[in-house]
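Step one of this worksheet: look at the structure below.
Residue numbers begin at 1 in each chain, while the letters A, B, ... track the order of the sequences.
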Amino acid sequence: MTADPAAPPAAPAPQPTVVDVLIPVAVDTAYSYRVPKGLALAPGDFVVVPLGTRETLGVVWDARGAGGDNLKQVLSRVDWPPVRAPLRGFVDWLAAWTLSPRGMVLRMAVRAPEFAGAEPVRFGLRRAGPPPARLTPARGRVMGVFDAAEGEAVLTKRALAEAAGCSPGVIDGLVDEGTLETVALPPDPLPPAPDPEAGTVALDPAQAEAAARLAERAAERRFTVTLLEGVTGSGKTETYFEAVAAALRAGRQTLILLPEIALTAQFLDRFAARFGTRPSEWHSGVSVRRRARAWSGIASGDIKVVAGARSSLFLPFADLGLIVVDEEHEAAYKQDDGVSYHARDMAVMRGRFEEAAVVLASATPSLETRVNAETGRYGHVRLDARYAGRSLPALAAIDLRRDAPPRGRWIAPKLVEAVAETVAAGRQALLFLNRRGYAPLTLCRSCGHRFTCGQCSAWMVEHRFRGALMCHHCGHVERKPGHCPRCGEVDALVACGPGVERIAEEAAALFPDARQLVLSSDMPGGTERLRQELDAVARGEVDIVVGTQLVAKGHNFPNLTLAGIIDADVGLANGDPRAAERTFQLLQQVTGRAGRGEAPGRALIQTFQPDHPVMRALLTGDVERFYRTEIEARQQAGLPPFGRLAALIVSGTDRTAVETHARALARAAYGITGGDPLALAPGDAPRIEVFGPAEAPIAMIRGRYRFRLLVKAPRSADLQGCLRAILAAGPKATGSLRVAVDVEPQSFL
DNA sequence: GCTTGAGTGAAG
DNA sequence: TTCACTCAAGCT
């Protein structure tokens with residue numbers, strides 16, 4: 001990091017002799033340090049301070065005048081752009097809201113510059129002396145590369161080795177002989193800034209009007225939140241791009257938040273088509289070097305648009321004018337480990353601190369956001385028709401009580417027929433089932449033994465590709481045995497029920513000539529491979545896609561005309577108060593994948609409950625009625641956004657310890673809130689209530705037992721204060737036991 | 001989060 | 001006695 005344009009001019013104000021420095025570790029209070037004579041420090045400055053035996057990076061949080069004699073001294077000031085007041089305010093607020101130590105929140109904001117400080121200089125090679133005395137064939141090829149290049153060529157070692165078809169060792173040898181020399185390469189120039197006038201996109205009148213309203217918000221220098229609600233394929237992205245253009249024209253920066261998996265080449269290319277260049281990317285797949293460069297570019301204000309995953313919320317924007325949260329209903333925006341926060345809600349607050357416009361975009365908004373839009377807390381812009389006159393897919397249910405597939409098969413005859421027609425027409429078909437693995441249950445035909453997880457008693461799911469049985473609850477894996485562990489019978493194990501792998505097997509047998517791809521989050525290769533495969537589907541390299549929920553996320557497959565839902569009832573019965581909302585959102589997104597190109601699409605939904613409100617809403621398109629019912633149910637239950645909800649999570653490796661601790665914590669909570677765990681009054685009760693152990697079953701997640709105590713409060717209650725009091729009064733967690741707080745998404749305004 | 005120092009227990 | 005490990009406290 002070099003020059004610092006954002007730094008305040010040499011302060012005329014009296015220099016503080018003591019500063020409070022927040023350190024990116026798990027402490028909540030900023031520590032006071034003495035300022036050495038001659039060092040000018042202002043709030044937001046990065047500094048190096050002694051902490052215990054080590055030295056650590058910190059940020060000046062407050063510059064109070066004087067005081068304290070036996071304080072340690074600030075070691076030095078680090079020449080990076082300071083953390084601006086809006087980001088400092090955001091860090092403080094987020095820490096208070098999530099009840100996390102402020103240092104931990106700061107950590108999320110300063111993890112990147114640690115890379116920046118270590119940014120390595122890259123070296124190149126150029127010709128410096130006479131050819132070597134001993135000219136081997138490999139050396140000759142290296143010299144040939146320089147001969148072929150014009151003028152003073154400077155090449156990286158890797159590029160040179162590749163061009164010459166030799167190993168890097170050959171090049172090192174030439175450097176030793178003095179034929180070549182290493183020179184520092186200038187840093188890559190930043191990519192050109194996005195140009196709001198670069199691409200012309202034809203918007204239809206409805207889109208143009210919506211775009212104008214969003215652009216107006218983005219051009220203002222004030223905090224607003226607007227819900228952009230548009231059916232899948234209505235051109236939401238192109239519409240909010242106009243808000244991005246407005247922010248660019250106003251000279252301010254934009255952050256586009258996307259669920260990690262939606263950050264594909266496809267999205268970046270759409271952006272490039274409109275703005276002439278790709279946005280800066282920010283997610284876990286971006287290399288350290290590129291992150292470091294992005295961080296400084298964002299801090300200096302040179303980078304105007306960032307497309308990123310939830311961690312990009314903490315980037316040091318110099319002048320943030322617009323935050324877009326795409327697919328705002330996505331559960332992936334919720335961070336569960338470490339500081340637990342909901343990125344959509346935090347985006348709203350970041351916007352508030354930055355005086356920026358916030359746009360929440362979704363085809364199926366979350367209930368919280370929908371209610372906030374209806375009550376006028378958020379603006380509401382709607383796109384009701386598909387772009388360019390394209391129609392929504394034709395939807396039909398396949399009633400599994402009447403039109404069931406033959407025994408041992410899962411794809412109903414009607415759906416088989418539809419897939420055959422689709423593939424024959426040169427189009428793509430999607431078979432969707434939200435269940436990973438081959439079969440959710442394995443049992444012994446001879447003795448009836450069910451394979452359950454030894455750690456948490458959930459069913460073990462067979463994964464045939466891997467030859468393993470897996471517990472989706474706690475991650476426990478074991479090899480699939482050849483015989484029954486109870487009665488010893490050989491070859492008696494049967495797989496019950498379908499998973500995506502089994503559907504893929506069935507589809508492969510039914511359509512042997514079709515090119516098929518299975519997409520599931522547990523497939524090897526990680527997110528990078530997944531991104532590539534999604535792009536391959538978009539390019540039409542696959543006829544039949546068999547996938548779990550990740551195929552629903554923000555992808556445009558122009559040649560996909562059929563969506564078949566294998567089992568629409570999955571997830572409706574699992575006791576989660578959001579089950580219906582989640583299922584509706586998921587199925588709406590999946591069916592919406594069909595017919596986004598020129599050819600019309602259709603969706604077939606296999607279900608045992610065609611009369612369920614979720615199915616009715618999907619089939620009739622009467623979304624309003626569905627939302628109405630769900631919102632009323634929330635209101636009745638006093639759940640967000642009508643009430644406030646948090647969970648105290650007790651976790652540990654010892655089941656009994658977790659249970660006793662949770663009970664003790666619950667007792668402390670009852671003492672403070674006066675709640676009765678077994679007689680919960682619904683609605684806006686005047687006191688905070690705790691759902692006790694009786695209602696909160698113990699779960700096992702990633703090898704740890706976990707107990708959730710739900711704390712419910714009316715909107716007006718001081719939930720954070722109450723949680724703090726409970727934590728202070730409750731027993732102290734020790735050893736592997738941990739107590740975390742999870743504040744559920746809701747509205748702040 | 002990280003370091004440190006106390007405490008524990010098994011091997012030497 | 002020594003090493004290897006876990007655990008809890010404190011860091012300005």
Whether A:Glu744 and A:Arg644 form a salt bridge (side-chain N of Lys/Arg under 4.0 Å from carboxylate O of Asp/Glu) is what I want to check.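 Judged by the 4.0 Å cut-off on N to carboxylate O distance, A:Arg644 and A:Glu744 do not form a salt bridge.
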
Lys/Arg N to Asp/Glu carboxylate O, A:Arg531 vs A:Glu260, below 4.0 Å: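 Salt bridge between A:Arg531 and A:Glu260, a charged N being under 4.0 Å from a carboxylate O: yes.
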
Chain A on DNA chain C: first and last contacting nucleotide, 5' to 3', under 4.0 Å to a heavy atom?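 Both ends considered, the range comes out as C:dA8 to C:dT12.
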
Taking any heavy-atom pair under 4.0 Å as a contact, classify A:Thr53: base, sugar-phosphate, or nothing.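 A:Thr53: backbone/sugar contact only, no base atoms under 4.0 Å.
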
With a non-hydrogen cut-off below 4.0 angstrom, is A:Val21 in contact with a base, only sugar-phosphate, or nothing?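 If one applies the 4.0 Å heavy-atom cut-off, A:Val21 turns out to touch nothing in the nucleic acid.
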
Please round to the nearest 0.5 Å and tell me the distance separating atom [atom1] of [X] and atom [atom2] of [Y].
X        : Y        : atom1 : atom2 : answer
A:Ser32  : A:Lys72  : OG    : NZ    : 13.0 Å
A:Thr17  : A:Leu39  : OG1   : CG    : 12.0 Å
A:Arg350 : A:Phe223 : CZ    : CZ    : 13.0 Å

Hey, can you tell me if A:Trp295 and A:Phe46 have their rings parallel, tilted or perpendicular (30° and 60° cut-offs)?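 Correct class here is perpendicular.
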
Which nucleotide of DNA chain B is the first, and which the last, in the 5' to 3' direction, to come under 4.0 Å of a heavy atom belonging to chain A?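 The contacted stretch runs from B:dG1 to B:dT4.
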
Would A:Tyr341 and A:Tyr333 satisfy ring-ring contact (aromatic ring centres under 6.0 Å, His included), going step by step from the backbone distance to the final call? CA-CA 8 Å; A:Tyr341 65 92; A:Tyr333 280 126; over 10 Å; no

Hey, does A:Ser651 have a side-chain heavy atom less than 4.5 Å from the side chain of A:Arg738?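 SC-SC contact between A:Arg738 and A:Ser651 confirmed.
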
